Amino acid sequence: MFTPTAAKQIGVVAKESGVPIKTIRYYEELGLLKSSARTEGGFRLFNSDVLARLHFIKRAQSLGLSLSEIKEFLNVHDSGQLPCEHIKAKLEDKVKAIDEQIQQLMILRQELSGLLSGWEIKPDHSHSTICPIIENE
């Protein structure tokens, strides 16, 4: 029988990590976490490395990485390799995407500023016009 010396029940893991039980179950369902066994009452038991994995998952998410990307990194790690090069490439892609978003937002900001700088209500009682300022380019 399994001896839960270093194993932690899901409730303890949730309390220590600050990650809700429901989320931990979801991560297990996705394959991000693996429970080591179950108690006689059916509670999931996790090895001591679960807290480090949860911390990694949460940190990676905060950097804009998706759960599927995180799963790839964890699979590389679980195969005995460091996923750092994979992570670096993904983060470089994120930086490029953010730069593109910033550029698009700057263009939108300019367009909005242009509309607002010349803002004056023009009386137009045409029923087909909702707001002439926006509709006239």
Side-chain angles (χ1 to χ4, degrees):
M1 183 175 171
F2 177 76
T3 54
T5 51
K8 299 175 186 264
Q9 285 190 9
I10 193 168
V12 174
V13 171
K15 187 174 183 182
E16 290 180 5
S17 67
V19 177
I21 290 174
K22 192 173 185 177
T23 303
I24 294 170
R25 286 186 187 128
Y26 180 62
Y27 290 167
E28 184 184 21
E29 186 181 309
L30 292 178
L32 298 168
L33 301 174
K34 291 178 182 68
S35 59
S36 54
R38 289 192 182 248
T39 65
E40 288 180 16
F43 292 102
R44 291 167 173 85
L45 292 173
F46 293 91
N47 291 330
S48 57
D49 72 337
V50 71
L51 295 176
R53 283 179 85 92
L54 282 169
H55 177 74
F56 174 80
I57 292 166
K58 287 308 195 184
R59 178 66 177 134
Q61 279 184 308
S62 76
L63 296 173
L65 297 167
S66 70
L67 289 177
S68 64
E69 291 169 330
I70 295 167
K71 183 178 180 181
E72 288 174 33
F73 305 146
L74 289 171
N75 287 341
V76 170
H77 173 266
D78 292 345
S79 73
Q81 300 173 343
L82 288 177
C84 296
E85 286 304 313
H86 301 281
I87 294 171
K88 181 182 178 199
K90 286 289 183 190
L91 293 179
E92 288 171 344
D93 290 346
K94 297 282 178 199
V95 169
K96 286 179 194 168
I98 289 169
D99 287 342
E100 290 172 13
Q101 286 177 320
I102 289 171
Q103 210 166 15
Q104 291 168 357
L105 287 170
M106 293 296 285
I107 291 167
L108 177 59
R109 185 182 190 288
Q110 258 184 325
E111 185 177 343
L112 292 173
S113 293
L115 279 173
L116 290 170
S117 71
W119 194 273
E120 72 179 70
I121 302 297
K122 298 176 184 171
D124 186 348
H125 299 294
S126 166
H127 291 292
S128 63
T129 302
I130 298 170
C131 178
I133 305 291
I134 291 177
E135 293 175 28
N136 297 333
E137 291 183 37

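These numbers come from a predicted model, not from an experiment. These values consider heavy atoms only, across backbone and side chains, with no hydrogens, waters or symmetry-generated copies.
Counting heavy atoms from C-beta outward, Ser35 and Leu45 have side chains that stay 4.5 Å or more apart. Considering only heavy atoms from C-beta on, Lys34 stays 4.5 Å or farther from Asn47 through its side chain. Glu28 has its side chain within reach of Arg44: a pair of non-hydrogen atoms, C-beta onward, lies under 4.5 Å apart.
More than 12 heavy atoms of other residues, nucleotides or ligands sit less than 6.0 Å from atom CG of Leu116. More than 12 heavy atoms of other shown residues, nucleotides or ligands fall within 6.0 angstrom of atom NZ in Lys58.
Across all their heavy atoms, Ser36 and Ala7 have their closest contact at OG-CB, 4.4 Å.
Here the CG atom belonging to Asn75 is positioned 10.5 Å from the NE2 atom belonging to His86, to the nearest 0.5 angstrom. The structure places CG of Leu54 at 9.5 Å from CG of Asp49, a figure rounded to the nearest 0.5 Å. Expressed to the nearest 0.5 Å, how far CD of Glu100 lies from CD1 of Ile102 amounts to 10.5 Å. Here the CG atom belonging to Asp99 is positioned 13.5 Å from the NZ atom belonging to Lys94, to the nearest 0.5 angstrom. The distance from the CG atom of Leu112 to the CZ atom of Arg109 is 9.0 Å, given to the nearest 0.5 Å.
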Run the numbers on Phe46 and Val12 for side chain to side chain contact (heavy atoms under 4.5 Å, CB included), then give the verdict. CA-CA 10 Å; Phe46 293 91; Val12 174; over 6 Å; no
Would you check, one step at a time, whether the test side chain to side chain contact (heavy atoms under 4.5 Å, CB included) holds for Val19 with His55? CA-CA 9 Å; Val19 177; His55 177 74; over 6 Å; no
So Ile57 and Leu33, side chain to side chain contact (heavy atoms under 4.5 Å, CB included) or not? Walk me through it. CA-CA 10 Å; Ile57 292 166; Leu33 301 174; 4.2 Å; yes
Passes side chain to side chain contact (heavy atoms under 4.5 Å, CB included), Gln61 versus Leu65? Steps please. CA-CA 5 Å; Gln61 279 184 308; Leu65 297 167; over 6 Å; no
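Between the side chains of Thr39 and Gln9, not a single donor N or O lies within less than 3.5 Å of an accepting N or O.
Looking at Glu16 and Lys8, a side-chain N of the basic residue comes within less than 4.0 Å of a carboxylate O on the acidic one, giving a salt bridge.
No donor-acceptor distance shorter than 3.5 angstrom exists from the side chain of Ser113 to the backbone of Gln110, with no hydrogens or angles considered. Counting only distance, with no hydrogens or angles, the side chain of Lys71 and the backbone of Gly31 share no donor-acceptor pair below 3.5 Å. A side-chain donor-acceptor contact under 3.5 Å links Arg53 to the backbone of Leu32. Between the side chain of Glu69 and the backbone N or O of Ser66 there is at least one donor-acceptor pair closer than 3.5 Å.
Cluster membership for Ile98 and Leu63, using ILVMFWY side-chain heavy atoms within less than 4.5 angstrom, is not shared. There is a path of hydrophobic side-chain contacts, each under 4.5 Å, that joins Tyr26 to Phe73. Hydrophobic cluster membership is shared by Ile21 and Leu30, with clusters built from Ile, Leu, Val, Met, Phe, Trp and Tyr side chains linked at under 4.5 angstrom.
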